[in-house]
Amino acid sequence: VQLQASGGGLVQPGGSLRLSCVVSGFALDYSPIGWFRQAPGKEREGVACQSVSEYNSYYEDSVKGRFTISRDNAKNTMYLQMNSLKPSDTAVYYCAAGGRDLWYGGSYSCDGKDYWGKGTQVTVSS
């Protein structure tokens with residue numbers, strides 16, 4: 001199983017980026033998916049995650065209304081559209097898949113992913 005993330009780069013505040021993650025050796029059709037990030041000196045956090053059915057999702061509070069997770073099962077690819085980027089969004093972004101849908105306290109969770117990509121750097125700076 002391989003997950004290859006791409007689309008990162010340097011962008012000015014207020015700009016947009018679209019991250020892609022091509023998955024091989026594993027079918028996304030039956031998998032929850034997620035995007036995570038890790039900034040220097042901070043722990044990795046879930047940014048946006050989506051259930052197998054695509055009906056349930058999780059967004060970290062600071063990205064709600066700005067980021068959108070999606071997938072194309074025919075292409076075995078997941079995406080993260082990031083708009084209105086802020087310097088605080090600067091981090092290495094990782095895609096992940098596999099495992100099963102998890103809920104905690106009635107809310108959809110990003111936990112429990114089996115497979116991870118190597119990450120792509122996103123830098124938001126003027």
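Position 1 is the first residue of the sequence, and the numbers go up from there. Just so it is clear, the values below take in all heavy atoms, side chains as well, and ignore hydrogens, waters and symmetry mates.
- No path of Ile, Leu, Val, Met, Phe, Trp and Tyr side chains, each step under 4.5 Å between heavy atoms, connects L10 with L17, placing them in separate hydrophobic clusters.
- The distance from the CG atom of L3 to the OG atom of S24 is 7.5 Å, given to the nearest 0.5 Å.
- Chaining together hydrophobic side chains whose heavy atoms lie under 4.5 Å apart places Y104 alongside L102.
- Summarising the geometry of G98 relative to S31, their closest heavy-atom pair is N-OG, 2.7 Å, with the distance given to 0.1 Å.
- Rounding to the nearest 0.5 Å places CG of L28 at 11.5 Å from OH of Y30.
- Atom OG of S62 is separated from atom CD of E45 by 6.0 Å, given to the nearest 0.5 angstrom.
- For CD of Q38, the number of neighbouring non-hydrogen atoms (other residues, nucleotides, ligands) closer than 6.0 Å is greater than 12.
- A distance-only check finds a donor-acceptor pair linking the side chain of N76 to the backbone of F26 [under 3.5 Å].
- Scanning both residues, G46 and C110, for their nearest heavy atoms gives CA-SG, 4.2 Å.
- The minimum heavy-atom distance between G34 and M78, with the atom names listed, is O-SD, 3.9 Å.
- Few gaps surround CD on Q121; more than 12 heavy atoms of other groups in view lie less than 6.0 Å from it.
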Exercise for the section: Determine, stepwise, if the pair S51 / S53 fulfils side-chain hydrogen bond (donor to acceptor under 3.5 Å, both in side chains). Expected result: CA-CA 5 Å; S51 66; S53 69; 3.2 Å; yes

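- Annotation: Y93 is not in aromatic contact with F36 [ring centroid separation under 6.0 Å not met].
- For the pair Y59/T68, a side-chain contact is recorded, criterion being any heavy-atom separation below 4.5 Å from C-beta on.
- Counting heavy atoms from C-beta on, the side chains of M82 and V122 come closer than 4.5 Å.
- Between K118 and Y94, the shortest heavy-atom distance links the atoms O-CE2, 3.3 Å.
- Residue Q50 holds its CD atom at 8.0 Å from OH of Y108, rounded to the nearest 0.5 Å.
- In this structure, C49 and P32 have side chains that are not in contact, with every pair of non-hydrogen atoms separated by 4.5 Å or more.
- The only member of I33, N73, I69 that meets side chain to side chain contact (heavy atoms under 4.5 Å, CB included) when paired with E54 is N73.
- At a cut-off of 3.5 Å, with distance as the only test, no side-chain donor of D72 or T77 sits close to an acceptor on the other residue.
- Residue V1 is not grouped with residue V22 when hydrophobic side chains (ILVMFWY) are merged at heavy-atom distances under 4.5 angstrom, including chains of intermediate members.
- Contact record, G7 with T120: N-OG1, 4.3 Å, taken as the closest heavy-atom pair.
- Taking CD from Q4 and SG from C21, the interatomic distance works out to 8.0 Å, rounded to the nearest 0.5 Å.
- No path of Ile, Leu, Val, Met, Phe, Trp and Tyr side chains, each step under 4.5 Å between heavy atoms, connects W35 with W116, placing them in separate hydrophobic clusters.
- Annotation: salt bridge (charged side-chain N to carboxylate O under 4.0 Å, His left out) contacts involving residues 74-100, sequence neighbours excluded, comprise R37-D89, R66-D89.
- Contact annotation: the side chain of L80 approaches that of F67 to within less than 4.5 Å [non-hydrogen atoms, C-beta and beyond].
- Distance CD/Q81 to CG/L19: 8.5 Å, rounded to 0.5 Å.
- Under a cutoff of 6.0 Å and an axis angle of 45°, R18 and Y79 form a cation-pi pair.
- Residues V11 and L85 share a closest heavy-atom pair of CG1-CD1, 3.6 Å.
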